[in-house]
Number of protein chains: 2
Amino acid sequence: MAINYDNFIVKPGESTQCAQCVVRKLALFQGVKLENLEWTQAIRQEQFILKPKRRLFEEGEPPRYAYTLFSGWVAQYQTSPDGGRMIHQFALPGDFIGFQAKSGHPIDYSAQALTEITVCAFPVKELNKVLKELPELSNRLIDMHSHTIKLCRQHMLSVGRKSAKQRLAYLFLELFHRVKAIGDLMPGTEEDSIAFPLSQEDLADALGLTSVHVSRTLRELTDEGLVSVRHRRLTILNEPALTDLAQFDKAIVIQDHPLL
Amino acid sequence: MAINYDNFIVKPGESTQCAQCVVRKLALFQGVKLENLEWTQAIRQEQFILKPKRRLFEEGEPPRYAYTLFSGWVAQYQTSPDGGRMIHQFALPGDFIGFQAKSGHPIDYSAQALTEITVCAFPVKELNKVLKELPELSNRLIDMHSHTIKLCRQHMLSVGRKSAKQRLAYLFLELFHRVKAIGDLMPGTEEDSIAFPLSQEDLADALGLTSVHVSRTLRELTDEGLVSVRHRRLTILNEPALTDLAQFDKAIVIQDHPLL
DNA sequence: AATATAGCTTGATATAAATCAAGTACAACC
DNA sequence: GGTTGTACTTGATTTATATCAAGCTATATT
């Protein structure tokens with residue numbers, strides 16, 4: 001159950017200065033004054049690179065680090081004893097992963113890299129200390145939590161009350177717009193398409209469906225000319241129709257994104 | 001769409017002193033030092049009473065107040081345009097309702113009283129100011145958010161990956177234990193039973209099912225002697241079997257409850 | 001006491017999604 | 001260049017849950 005830290009690769013020196021970090025504007029330390037960034041820098045471990053499918057942490061572990069995702073895609077999920085996997089949230093660069101207030105208790109979910117990822121690791125012990133010292137950090141974390149909860153609610157509405165087709169449409173739009181909102185950090189982002197590393201099984205596990213059913217449903221969406229998912233790329237072909245089908249509200253998903 | 005404030009009834013003077021408040025140990029202001037409670041008291045509006053089925057706020061409104069639930073049960077839900085209702089969370093005394101970080105945007109969910117409720121109302125404008133002034137408050141809010149997210153994840157796992165029977169069992173156990181954890185504040189709490197105001201339709205809307213199917217499924221649970229729901233009372237008759245069926249983990253639900 | 005109403009039950013039927021089972025395309029590896 | 005394995009597709013069938021419809025309690029209302 002213990003994490004094998006051989007999975008981690010220390011990243012060579014460049015772009016490890018918090019003060020110059022291009023992701024910081026999206027991340028937890030956005031609000032920290034420059035002169036306080038020494039704190040951040042001091043408690044931060046090196047940046048780590050993780051290969052696709054590798055786990056950042058696993059449910060049941062006591063949390064040792066929290067992470068700012070620097071690049072790549074992460075799936076956060078829970079598993080039930082009978083094997084089902086439920087992805088409750090995908091993380092994108094800038095997102096803060098693995099933090100829970102009571103660090104004494106084991107964490108209740110897992111996080112897995114979907115692409116090669118880079119993360120900045122912060123020991124939770126230090127982090128909790130800094131949270132007490134720098135109030136602007138706490139308020140920043142509140143903003144981010146507030147946004148997380150909002151996404152969580154929307155996702156739950158999807159899973160609980162929408163058809164397979166609607167769920168799929170909703171997820172495509174959510175991810176498309178989240179990626180576009182931070183477009184300059186995501187390689188391969190175009191006007192109406194994005195790089196898209198999710199397998200149909202990932203989609204199924206995020207939507208409470210089976211991969212077989214996702215395949216069929218995706219085919220319908222494709223045949224109707226609404227989207228295209230090929231070669232790890234998602235293209236939105238008819239956004240109005242898709243938005244209407246999914247009952248998607250762009251404002252809710254990105255209105256209070258940290259960046260904006 | 002605007003709230004009709006005639007719905008609210010100002011509660012007569014007793015028990016409105018924050019310093020003596022029996023709910024405070026569970027609520028946002030738990031961590032506030034006694035000498036700082038004047039802030040709390042100052043920004044707090046009167047306590048309000050709301051009748052069952054009345055709404056505290058509705059999705060689409062700009063949030064004007066956030067509330068500490070003082071007594072009673074509240075359902076927090078979203079509706080999709082085609083009429084479906086999804087209850088994402090039930091609130092109990094001590095819970096903090098209706099807060100979102102960016103107060104400039106409309107709120108994306110509604111809150112409705114399931115019983116007669118009493119709330120303490122805090123204007124979000126003032127609240128944001130106090131959050132900046134009193135760091136202990138921010139950290140407290142982080143704890144509460146962290147717990148909310150945890151419950152949300154668990155609920156999502158239920159809705160996305162469990163059978164109707166398991167979902168129902170899980171929800172019964174979650175609510176049973178949450179109520180018991182604050183038992184002294186909940187009238188009618190016994191060793192193995194609690195007052196339980198939810199209708200089968202409420203259950204259905206929380207679980208992503210129809211009320212017809214809840215009726216049938218509940219019957220199965222009853223026939224198997226696992227629970228009994230009668231006269232607005234929930235009795236857990238066979239907790240081990242129920243826990244096993246639901247794959248319920250009591251620790252996750254209440255381990256980092258504010259009280260503990 | 002009579003009546004209305006909301007919540008629950010139960011049966012018959014329909015449907016969305018799961019499951020089981022083969023087969024295909026395609027990238028990764030030797 | 002062939003082989004292996006993973007992801008995806010497609011068809012046939014089953015199952016869980018939804019839908020439609022009618023009747024049944026309780027509780028509240030007059």
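Everything numeric here is computed off the predicted structure, so don't read it as measured data. Reminder, nothing fancy here: chain letters follow the sequence lines and each chain counts from 1.
The NE2-P distance, from A:His213 to D:dT10, rounds to 15 Å in whole Å. One can place CG of B:Asp205 at 16 Å from P of D:dT17, the figure rounded to the nearest angstrom. Rounded to whole angstrom, the span from the CZ atom of B:Arg219 across to the C1' atom of D:dC24 amounts to 13 Å. Atom-to-atom, CG of A:Asp202 to P of D:dT6 comes out at 15 Å; the value is rounded to the nearest Å. Computed from coordinates, the A:Leu218 CG to D:dA7 C1' distance equals 13 Å when rounded to whole Å. With rounding to whole Å, A:Leu207 atom CG is found 15 Å from C:dA18 atom C1'. Straight-line distance from the CG atom of B:Asp223 to the P atom of C:dC8: 17 Å, rounded to whole Å. If you measure from atom CG of A:Asp82 to atom C1' of C:dA18, you get 14 Å, rounded to the nearest angstrom.
Taking 4.0 angstrom as the limit, A:Gln200 places none of its side-chain polar atoms (N or O) nearer than this to OP1 or OP2 of D:dT6. Residue B:Ser215 places at least one side-chain N or O under 4.0 Å from the OP1 or OP2 atom of C:dT9. Contact annotation: A:Thr210 reaches the phosphate of C:dA18 (side-chain N/O to OP1 or OP2, under 4.0 Å). Here B:Lys53 reaches the OP1 or OP2 of C:dG7: one of its side-chain N or O atoms lies under 4.0 Å away.
Salt bridge A:Asp82/B:Lys162: absent, no basic N to carboxylate O contact under 4.0 Å. Remark: B:Glu174 does not engage B:Arg167 in a salt bridge, criterion side-chain N to carboxylate O under 4.0 Å. A salt bridge does not link A:Asp192 with A:Lys180: every distance from a Lys NZ or Arg NE/NH1/NH2 to an Asp or Glu carboxylate oxygen is 4.0 Å or more.
Using a 4.0 Å heavy-atom criterion, one finds that A:Arg216 contacts the bases of the nucleic acid, with or without backbone contacts as well. As judged by a 4.0 angstrom heavy-atom cut-off over every strand, B:Ser163 is placed among residues touching the sugar-phosphate backbone only. B:Arg232 comes within 4.0 angstrom of the backbone, heavy atoms only, and of no base. Residue contacts shown for A:Lys165 are absent, as no nucleic acid heavy atom lies under 4.0 Å away.
Toward the 5′ end of DNA chain C lies the nearest nucleotide of A:Leu209, the other residue of the pair A:Leu209 and A:His231 mapping further downstream. When each of B:Glu201 and A:Ser211 is assigned the nucleotide of DNA chain C bearing its nearest heavy atom, the one mapping closer to the 5' terminus is B:Glu201.
Geometrically, B:Arg85 engages B:Tyr77 in a cation-pi contact, judged by NZ or CZ lying under 6.0 Å from the ring centre and within 45° of the ring axis.
A side-chain contact (heavy atoms from CB on, under 4.5 Å) with B:Phe90 holds for exactly one of B:Leu171, B:Asp95, B:Leu151; it is B:Leu171.
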